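Beneath this line is the structure, given in structure tokens, with notes to follow.
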Amino acid sequence: MEPPARHRPDGHLRHRNRSAVRFGYVATVPLPDPDAAEAAATHALDELAADGVVLLANTDGVYLGHPGHDPLLAELDRRRAVVFVHPSQLPAPPMPGLPPFAADFLLDTTRAAANLVLHGVPCRYPNLKIILSHAGGFLPYAAHRITAALVAETGRGYEEILEDLRSFWFDTALSGSPSALPSLLAFARPDRVVFGTDGPFAPEIAVAHFTGEYDRYHGLDTAAHHAINRGNALALLPRLS
């Protein structure tokens, strides 16, 4: 395998054989230190040919979208970066007998999405391509309820906030069930849903179960399955096409 591609200063990729690039990756950056995170993101995108960065929904209880994150988000916006948001440990004790991934992770992602919109991140940084893992947590199901709350909090228009919530991308990791998919597909823009599995962190049996449910889901025709499986992702990672 050839060495990773690198970005030239003019933003173009340099490598010997573009057709050999089949896999992209996003780089973890060290929040809660915004300055170090910005430096790490710049290094990853410019020197390591990363296709974006991964940010946790919250770090030490501070949710993504906090004003302290603005310099990092502004730099990522300038680069039109992909930002993959993954849940972290909820800043609350877990419920005995219910592992965090079952419900807490979904709430964590939902909180991050709401906080990003509360602080106007989609409006102020429109070039960011923010992917919410696990179908956005509870966001599709609760979007209108969250919108009503944010209208009361910010004074902005209902449809304006709803469109900000719909501006995110959503992956299908562990969310291919016949109850989750209808909510996701009713809310998300059709071209902003991408395939995900949560492997290798999720057990193989869980990945197989939810992927199988997704493959068998009759609410998507062949074209829609193809878009989620590959087509939509190419808009995020065009160098892989």
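These numbers were taken from a predicted model, which means no experiment stands behind them. The residues of the chain are indexed from 1 along the displayed sequence.
Side-chain contact between P178 and R216: absent, with no pair of heavy atoms (C-beta onward) separated by less than 4.5 Å. S88 has its side chain out of reach of T59: every pair of non-hydrogen atoms, C-beta onward, lies at least 4.5 Å apart. Side-chain contact between L31 and L72 is present, with at least one heavy-atom pair separated by less than 4.5 Å. Using a 4.5 Å heavy-atom cutoff, the side chains of T154 and V117 are not in contact. Counting only heavy atoms from C-beta outward, the side chains of L90 and P100 never approach each other to under 4.5 Å. The shortest distance between side-chain heavy atoms of I228 and P190 does not fall below 4.5 Å. The shortest distance between side-chain heavy atoms of T197 and F210 does not fall below 4.5 Å. T211 is listed as a side-chain neighbour of F195, based on a closest heavy-atom distance under 4.5 Å.
Residue F168 forms a side chain to side chain contact (heavy atoms under 4.5 Å, CB included) with just one option from I131, V85, L139, and that option is L139.
Few gaps surround CZ on R189; more than 12 heavy atoms of other groups in view lie less than 6.0 Å from it. Within 6.0 Å of atom CD in Q89, 12 or fewer heavy atoms from other residues, nucleotides or ligands are found, so the atom counts as exposed in its surroundings. Heavy-atom neighbours of R124 CZ from other residues, nucleotides or ligands within 6.0 Å: above the threshold of 12. For I205, the CD1 atom is loosely surrounded, since the number of other residues' heavy atoms within 6.0 Å does not exceed 12.
The shortest heavy-atom contact between V53 and A41 is CG1-CB, 4.0 Å. When all heavy atoms of P91 and R111 are compared, the pair lying nearest together is CG-NH1, 3.8 Å. Across every non-hydrogen atom of T110 and G136, the tightest pair is OG1-O, 3.6 Å. Across all their heavy atoms, S133 and P87 have their closest contact at OG-CD, 3.1 Å. Across all their heavy atoms, A114 and I146 have their closest contact at CB-CG2, 4.0 Å. Here the closest heavy-atom approach between residue V151 and residue Y158 is recorded as CG2-CA, 3.6 Å.
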**Criterion side chain to side chain contact (heavy atoms under 4.5 Å, CB included) on V62 and H69, from CA distance to verdict** = CA-CA 10 Å; V62 177; H69 299 152; 4.1 Å; yes
**Request:** Begin from the C-alpha positions of F84 and L236 and carry the test side chain to side chain contact (heavy atoms under 4.5 Å, CB included) through to its verdict.
**Result:** CA-CA 11 Å; F84 179 63; L236 289 171; over 6 Å; no
**Request:** Applying salt bridge (charged side-chain N to carboxylate O under 4.0 Å, His left out), run through D46 and R79 and close with a yes or a no.
**Result:** CA-CA 10 Å; D46 284 351; R79 295 168 175 275; 2.7 Å; yes
**Request:** Take R192 and S167 through the side chain to side chain contact (heavy atoms under 4.5 Å, CB included) test and state the conclusion after the steps.
**Result:** CA-CA 8 Å; R192 296 202 172 186; S167 71; 4.1 Å; yes
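No donor-acceptor contact under 3.5 angstrom links the side chains of H225 and Y217, judged on distance only.
Using a distance-only test at 3.5 Å, with no hydrogens or angles considered, no donor-acceptor pair links the side chain of N232 to the main chain of V194. T109 places no side-chain N or O within 3.5 Å of a backbone atom of L107 that could act as its donor or acceptor partner. Of the possible donor and acceptor atoms, none in the side chain of R156 sits under 3.5 Å from a partner among the backbone N and O of L150.
L106 and L132 end up in different hydrophobic clusters when Ile, Leu, Val, Met, Phe, Trp and Tyr side chains are linked at under 4.5 Å. F105 and V207 sit in two unconnected hydrophobic clusters of ILVMFWY residues. Membership requires side-chain heavy atoms under 4.5 Å apart, directly or through other members. Placement of L165 and L55 within a single hydrophobic cluster is found when ILVMFWY residues are connected by side-chain heavy-atom separations under 4.5 Å, directly or transitively. F138 and F187 fall into different hydrophobic clusters, where Ile, Leu, Val, Met, Phe, Trp and Tyr residues are linked whenever their side-chain heavy atoms come under 4.5 Å apart, directly or through other members. Under the 4.5 Å side-chain heavy-atom criterion for grouping Ile, Leu, Val, Met, Phe, Trp and Tyr, V121 is not connected to L56 through any hydrophobic cluster.
Residues F201 and F101 place their aromatic rings such that the two centres sit no closer than 6.0 Å.
Summarising the geometry, atom CG belonging to L185 is positioned 9.5 Å from atom OG1 belonging to T172; distances are rounded to the nearest 0.5 Å. Taking CG of L73 as the start and CG of L116 as the end, the distance is 7.5 Å to the nearest 0.5 Å. With rounding to the nearest 0.5 Å, the separation of CG in N58 from CG in N115 is 10.0 Å. With values rounded to the nearest 0.5 angstrom, W169 atom CH2 is found 12.0 Å from I130 atom CD1. Atom CG of L128 and atom CG of D77 lie 4.5 Å apart (nearest 0.5 Å). Interatomic distance, CZ of R239 versus CG of D51, reported as 4.0 Å (0.5 Å rounding).
A salt bridge does not link R166 to E159: none of the charged side-chain nitrogens sits closer than 4.0 Å to a carboxylate oxygen.
Classification of the H134-H86 ring pair by plane angle, with boundaries at 30° and 60°, yields perpendicular.
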